[in-house]
J.: 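Have a look at this one.
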Amino acid sequence: MKNVRVRFAPSPTGFLHIGGLRTALFNYLFAKKHGGTFILRIEDTDAARYVPESLANIIEALQWYGLIWDEGPDPLDPFEKSIGDAGPYIQSKRKKIYQTHVSELLERSAAYPCFCTTERLDSLRKKQASEKQTPRYDGLCRALNPSEVKSRLVSGTSHTIRLRVPTEGSLTFRDMIRGEVTFECATIDDQVLLKSDGFPTYHLANVVDDHLMNISHVIRAEEWLPSTPKHILLYKALEWTPPFFAHLPMILGSDRTKLSKRHGAEPALEYRQRGFLPQAVINYIALLGWNPGGDREFFTLNQLTNGFSIEKVNKAPSIFDIQKMRWTNASYLRTMEPNRLAPFARKFVTDKEISDEKLANLLVSIRDRIETLEEIGEWGSYFFQKDIAYDPALLIPAPGTKETALVALIFVSEVLEKMNDEDFTEPVLRDLFVNRIKSSGKKNGEILWPLRVAISGKKASPDVFAMMAVLGREVITQRVATALILAQGLKKA
RNA sequence: GCCGCCAUCGUCUAGAGGCCUAGGACUCCACGCUUUCAAUGUGGCAACACGGGUUCGAAUCCCGUUGGCGGUACCA
C-alpha cells in the first residue's frame with residue numbers, strides 16, 4: 001500500500017471516550033503498519049455543542065495512551081499552531097475553504113439553496129412520522145425556479161445548501177471490513193451541506209478535508225456507514241476520487257446499547273485516575289473487535305502494529321467488559337519492577353518520611369494483590385497511616401477465643417523483646433517465628449493471624465513478615481502492645 | 001415505520017467446507033500450595049440463534065425467519 005494517510009477526527013463536544021480511543025487506535029495502527037501518516041483533525045463545526053475543555057482533553061488523552069499524531073494541531077498551542085503542511089487541522093479555521101467548494105457544487109447544480117425554516121422542517125417531519133412515512137426533506141426548494149432563487153438570495157433570506165441526491169438508481173461501495181454495501185438513492189435524503197450560519201455540516205467538511213488532506217483510507221465507527229453514500233455522492237459531484245472506507249464495529253455497554261456513563265465508560269483519561277496503565281487499556285481495547293488470529297492475549301503497541309490488519313477486524317459489535325480490562329491491567333502490573341510502582345504509591349504516603357527503598361520493598365508484596373494502581377492505598381493502609389483502627393474482635397483467629405488471641409500476642413511480644421533492629425529483615429523474621437512456633441507446638445495460624453491483624457488491622461493483608469520488615473521493630477512492638485490491650489478488653493467468648 | 005449492518009460459551013474471541021465429540025482468555029465453581037487475601041498450578045460448568053437449501057460432507061456457502069445494533073437533524 002502506498003502513501004497511507006489516515007485521520008482521527010473527533011469533535012470537541014465532549015471528552016474522549018473508549019469508543020473514540022479505539023477508533024484512534026485502529027487508525028494509528030493502520031498508519032504505522034503501512035508506514036503511513038496518522039493525522040488528528042478537529043471537527044468543530046457545531047458552535048452550539050462546543051465544549052472548550054474537550055480539545056485539551058482529547059489531546060492529553062491521545063498523548064497519554066501513546067497515540068501520537070504525525071500531523072495535526074500542535075499540542076502546545078492547538079489553536080494557533082499545527083504540525084504538518086495540510087493544515088489548519090481545526091475545521092472552524094477552514095470555513096472559507098468549504099464555502100468555495102459549495103459554490104462549485106452550486107454552479108454544477110449538484111446542490112441547491114433551501115429556504116425552508118426550521119419550523120417547517122419540524123412540522124414536516126412530525127407529519128411524516130404520524131403517517132408512518134420515512135422522515136425526509138420533501139424537496140420543496142429543489143424545484144424552485146432560478147429567478148425565484150436569485151431574488152430570495154439577493155434579499156438575504158436565511159438559507160442552507162442541500163445536496164441534490166439522484167431520485168433513482170442505487171449506490172454501491174466497498175467497505176474494507178464489510179465488503180460491498182448498497183443503498184437505494186431514493187432512500188437517501190437531500191443532506192444539508194452548509195448551514196445557515198455559514199458553517200459546513202459534518203458531511204461537507206469531512207469530504208472536503210479528507211480530499212484536501214489526501215486521506216487514503218477513512219477508518220471510522222459503524223455509525224457512519226449510512227452516511228457514506230452521501231459522501232460518495234459528494235466526491236462524485238466534486239469530481240474527486242473517494243478514499244477507501246472501513247467501518248469499525250461499535251463498542252457497546254453491558255446492556256448491549258451504545259456505551260455510556262451508565263456502563264462505567266468514563267472519559268478515556270479517567271482510567272489514568274482509576275489506576276490503569278495506558279498500555280493495558282490499549283492492549284484490551286485492541287482486542288475488542290480485532291484479533292490477529294490465535295490465543296495470544298498480550299501485545300505491546302509495537303506488536304499490535306506489526307500484527308495489525310484491517311481485514312481481520314470483526315463485523316459484529318463487542319461489549320466493553322471492565323472485568324477483563326482489570327485483569328489485563330493486573331497482568332501488566334505483575335510484570336512491573338517494584339521501584340517503577342513507587343511513584344504511583346507516593347500519593348498515598350501522608351505523614352511519614354519514607355525512603356524509596358522501603359516503599360519498593362512494600363510494593364513487592366502488594367503488587368500481586370492489586371488490579372489497579374488505585375488499590376495500592378487499600379493494601380498498604382497500615383503502612384501509609386501512623387495509627388490504624390480496627391475491630392478488636394478481628395484479633396481472634398478462626399478456630400479460637402479471646403484467650404487464643406491473648407496467648408498469641410504474648411508469645412509474639414516475648415519473641416520481639418529479644419530482637420534487634422537488624423533482625424528485622426524478611427528472611428530472619430520468617431525463620432525465627434516459624435521455628436519458635438514449631439518448637440512451642442503451636443500452629444502457624446494461631447499466632448500469625450492475630451499478629452497480622454495487630455499490624456495491619458485487616459483480615460487480608462500482604463505477608464506478615466514482609467510487613468514487619470518494612471515497618472521496623474519499633475512500630476511493630478508498639479502495634480503488638482496496642483493489640484494486647486485491645487484483646488484484653490474483649491468480652492469473654 | 002423505513003434504510004443499513006450484524007449473529008460461536010454470560011463476556012472477548014479462534015475458526016476462510018472435512019484438522020471441530022468447536023480451541024483459548026475473562027468471569028464463576030472445585031481442588032492443590034499457604035499465616036490471611038491474593039498470585040500461581042490442576043480440573044470443571046458453559047456456545048455454533050432458528051428453519052430451509054447447496055454439498056459425499058457446513059459453525060463455515062446461499063435464502064428466509066427471529067433477534068440485536070446503528071442511521072433516519074441546519075449533531076457529529
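Note that these values count all heavy atoms, side chains included, but never hydrogens, waters or copies made by symmetry. In what follows, chains carry the letters A, B, and so on, assigned in the order in which the sequence lines appear, proteins first and then strands, with residues in each chain numbered from 1.
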J.: Hey, what's the ring geometry for A/F79 with A/Y50, parallel, tilted or perpendicular (30° and 60° as the breaks)?
T.: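 Perpendicular: the ring planes of A/F79 and A/Y50 meet at over 60°.
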
J.: Using a heavy-atom cut-off of under 4.0 Å over every strand shown, decide if A/V464 touches base, sugar-phosphate, or nothing.
T.: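 If one applies the 4.0 Å heavy-atom cut-off, A/V464 turns out to touch a base.
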
J.: Select base, sugar-phosphate, or nothing to describe what A/R334 touches, counting heavy atoms under 4.0 Å on all strands.
T.: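 Sugar-phosphate contact only.
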
J.: Determine the interatomic distance between C1' on B/rA25 and the same-named atom on B/rG64; round to the nearest Å.
T.: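 35 Å, rounded to whole Å.
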
J.: Work out how far the P atom of B/rU13 is from that of B/rC6, and round it to whole angstrom.
T.: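 Straight-line distance between the two P atoms is 15 Å.
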
J.: Measuring from the side chain of A/K324 (C-beta onward, heavy atoms only), which nucleotide among B/rU13, B/rA25, B/rC74 has the closest atom?
T.: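 Of all the options, the side chain of A/K324 is nearest to B/rA25.
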
J.: Does A/K312 reach a base, just sugar-phosphate, or nothing at all? Heavy atoms under 4.0 Å.
T.: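 Sugar-phosphate contact only - A/K312 comes under 4.0 Å of backbone atoms but never of a base.
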
J.: Would you indicate which nucleotide in B/rC74, B/rU35, B/rG4 comes nearest to any side-chain atom of A/F465?
T.: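 Nearest to the side chain of A/F465 among the choices is B/rU35.
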
J.: Once you apply a heavy-atom cut-off of 4.0 Å, does A/R430 come out as touching a base, just sugar-phosphate, or nothing?
T.: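 Contact class for A/R430: base.
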
J.: NA contact type, A/C116, heavy-atom cut-off 4.0 Å: base, sugar-phosphate, or nothing?
T.: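 The residue A/C116 makes base contact.
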
J.: Work out how far the P atom of B/rG51 is from that of B/rG15, and round it to whole angstrom.
T.: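 These two P atoms come out 26 Å apart once rounded.
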
J.: Give A/F183 one of three labels, base, sugar-phosphate or nothing, depending on what nucleic acid heavy atoms sit under 4.0 Å from its own.
T.: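 Result for A/F183 = sugar-phosphate.
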
J.: When both hydrogen-bonding distances must be under 3.5 Å and the geometry is Watson-Crick or G-U wobble, what is B/rU60 paired with, if anything?
T.: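 By the stated definition (distances under 3.5 Å), nothing pairs with B/rU60.
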
J.: Out of B/rA76, B/rC26, B/rA14, which nucleotide sits closest to the side chain of A/D321?
T.: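 Selected nucleotide (nearest to the side chain): B/rC26.
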
J.: Under 4.0 Å, counting only non-hydrogen atoms across every strand here, what does A/D463 touch: a base, just sugar-phosphate, or nothing?
T.: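 Since a base atom lies under 4.0 Å of A/D463, the category is base.
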
J.: Tell me whether A/N435 contacts the main-chain N or O of A/D431 through its side chain, where contact means a donor paired with an acceptor under 3.5 Å.
T.: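 It does hold such a pair.
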
J.: For A/F245 and B/rC5, give me the distance from atom CZ to atom P, rounded to whole Å.
T.: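 In whole Å, B/rC5 P and A/F245 CZ are 16 Å from each other.
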
J.: Under 4.0 Å between a side-chain N or O of A/N444 and OP1 or OP2 of B/rU35?
T.: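 Answer yes for this pair, as a side-chain N or O of A/N444 is under 4.0 Å from OP1 or OP2.
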
J.: Rounded to whole Å, how long is the line connecting atom CZ of A/R367 with atom P of B/rA38?
T.: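 It is 18 Å, rounded to the nearest whole Å.
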
J.: Could you label the plane-to-plane angle of the A/Y235 and A/F245 rings as parallel, tilted or perpendicular, counting under 30° as parallel and over 60° as perpendicular?
T.: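 Answer is perpendicular, since the angle exceeds 60°.
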
J.: Find the distance A/K438:NZ to B/rU34:P and express it as a whole number of Å.
T.: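 Going from NZ in A/K438 over to P in B/rU34 covers 12 Å.
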
J.: Paired with B/rC31: which nucleotide, if any, by Watson-Crick or G-U wobble criteria at under 3.5 Å for both distances?
T.: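 For B/rC31, the partner nucleotide comes out as B/rG41, under the 3.5 Å rule.
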
J.: Pick base, sugar-phosphate or nothing for A/R136, based on heavy-atom distances below 4.0 Å to the nucleic acid.
T.: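 Nothing, no heavy atom under 4.0 Å.
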
J.: Between the side chains of A/E378 and A/R369, is the shortest nitrogen-to-carboxylate-oxygen separation below 4.0 Å, so that they form an ion pair?
T.: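 A/E378 and A/R369: not salt-bridged.
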
J.: Does B/rA25 pair with anything, Watson-Crick or G-U wobble, both distances under 3.5 Å, and if so, with which nucleotide?
T.: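 Answer to the pairing question: B/rU11, which forms a Watson-Crick or G-U pair with B/rA25.
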
J.: What distance, rounded to whole Å, do you find between the two C1' atoms, one in B/rC33 and one in B/rA39?
T.: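 My reading of the C1' atoms in B/rC33 and B/rA39 gives 11 Å.
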
J.: May I ask you to verify whether the side chain of A/R256 and the base of B/rU11 hold a donor-acceptor pair under 3.5 Å?
T.: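 In this structure, the two groups form no donor-acceptor pair.
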
J.: Using a heavy-atom cut-off of 4.0 Å across all strands, would you classify A/K459 as base, sugar-phosphate, or nothing?
T.: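 Answer is base: heavy atoms of A/K459 come under 4.0 Å of a base.
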
J.: Please state whether the base of B/rC37 and the side chain of A/S461 form at least one donor-acceptor pair under 3.5 Å?
T.: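 Checked by distance alone, the answer is no.
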
J.: What is the distance, rounded to the nearest whole Å, between atom CD of A/E222 and atom P of B/rC6?
T.: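 That distance rounds to 8 Å.
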
J.: Nearest whole angstrom, please: distance from the P of B/rA47 to the CD1 of A/I319.
T.: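 Result: 18 Å.
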
J.: By the 4.0 Å heavy-atom rule, please label A/R125 as base, sugar-phosphate, or nothing.
T.: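 Here A/R125 touches the backbone only, sparing every base.
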
J.: For A/T45, report the nucleic acid contact type (base, sugar-phosphate, nothing); a contact means any heavy atom under 4.0 Å.
T.: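 Sugar-phosphate contact only.
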
J.: Do we see a donor-acceptor contact under 3.5 Å between the side chains of A/Y112 and A/D190?
T.: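 A/D190 and A/Y112 do have a side-chain donor-acceptor pair below 3.5 Å.
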
J.: Nearest-Å distance, CZ (A/R120) to P (B/rA73)?
T.: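 It is 14 Å, rounded to the nearest whole Å.
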
J.: A/S11 side chain: which of B/rA76, B/rG24, B/rC74 is closest?
T.: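 So the side chain of A/S11 is nearest to B/rA76.
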
J.: If you look at every strand shown and take non-hydrogen atoms under 4.0 Å, does A/R49 touch a base, only sugar-phosphate, or nothing?
T.: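 The residue A/R49 makes base contact.
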
J.: Using the P atoms only, state how far B/rG41 lies from B/rU27, rounded to an integer number of Å.
T.: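 That atom pair is separated by 13 Å.
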
J.: Angle between ring planes, A/Y284 versus A/F320, binned at 30° and 60°: parallel, tilted or perpendicular?
T.: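 Rings of A/Y284 and A/F320: perpendicular, over 60°.
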
J.: If the C1' atom of B/rU65 is compared with that of B/rC26, how far apart are they to the nearest Å?
T.: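 Straight-line distance between the two C1' atoms is 33 Å.
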
J.: As a test of reading the structure: which of B/rU35, B/rA38, B/rC74 is closest to the side chain of A/T160, going by heavy atoms?
T.: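 Shortest atom-to-atom distance from the side chain points to B/rC74.
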
J.: Any Lys/Arg nitrogen of A/E375 or A/R326 sitting under 4.0 Å from an Asp/Glu carboxylate oxygen of the other?
T.: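 Between A/R326 and A/E375 there is a salt bridge, with a charged N closer than 4.0 Å to a carboxylate O.
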
J.: Return the value, rounded to whole Å, for the distance between atom CZ of A/R296 and atom C1' of B/rG23.
T.: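 Computing the A/R296:CZ to B/rG23:C1' distance gives 18 Å.
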
J.: Suppose we define a pair by two distances each less than 3.5 Å, Watson-Crick or G-U wobble; what does B/rG1 pair with here?
T.: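 Check on B/rG1: paired to B/rU72, both distances under 3.5 Å.
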
J.: Among B/rG4, B/rG70, B/rC75, which nucleotide sits nearest the side chain of A/M250?
T.: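 Selected nucleotide (nearest to the side chain): B/rG70.
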
J.: What's the closest nucleotide to the A/P135 side chain, out of B/rA73, B/rC37, B/rG70?
T.: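 Selected nucleotide: B/rA73.
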
J.: How would you label the contact of A/V453 with the nucleic acid (heavy atoms, under 4.0 Å): base, sugar-phosphate, or nothing?
T.: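 If one applies the 4.0 Å heavy-atom cut-off, A/V453 turns out to touch nothing in the nucleic acid.
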
J.: Nearest to the side chain of A/D46 - B/rA14, B/rC75, B/rC2?
T.: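 Nearest to the side chain of A/D46 among the choices is B/rC75.
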
J.: Does A/T182 reach a base, just sugar-phosphate, or nothing at all? Heavy atoms under 4.0 Å.
T.: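 Answer is sugar-phosphate: A/T182 comes under 4.0 Å of backbone atoms only.
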
J.: Any idea which of B/rU36, B/rG71, B/rA7 is nearest the A/R452 side chain?
T.: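 For the A/R452 side chain, the nearest candidate turns out to be B/rU36.
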
J.: Suppose we define a pair by two distances each less than 3.5 Å, Watson-Crick or G-U wobble; what does B/rA49 pair with here?
T.: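 Checking every strand shown, B/rA49 finds its partner in B/rU65, with both distances under 3.5 Å.
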
J.: Relative to the ring of A/F465, is the ring of A/F433 parallel (under 30°), tilted (30 to 60°) or perpendicular (over 60°)?
T.: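 Because their plane-to-plane angle lies in the 30° to 60° range, the rings of A/F433 and A/F465 count as tilted.
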
J.: If you check the A/K195 side chain, which of B/rC5, B/rC75, B/rG24 turns out closest?
T.: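 Taking heavy atoms from C-beta onward, the closest nucleotide is B/rC75.
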
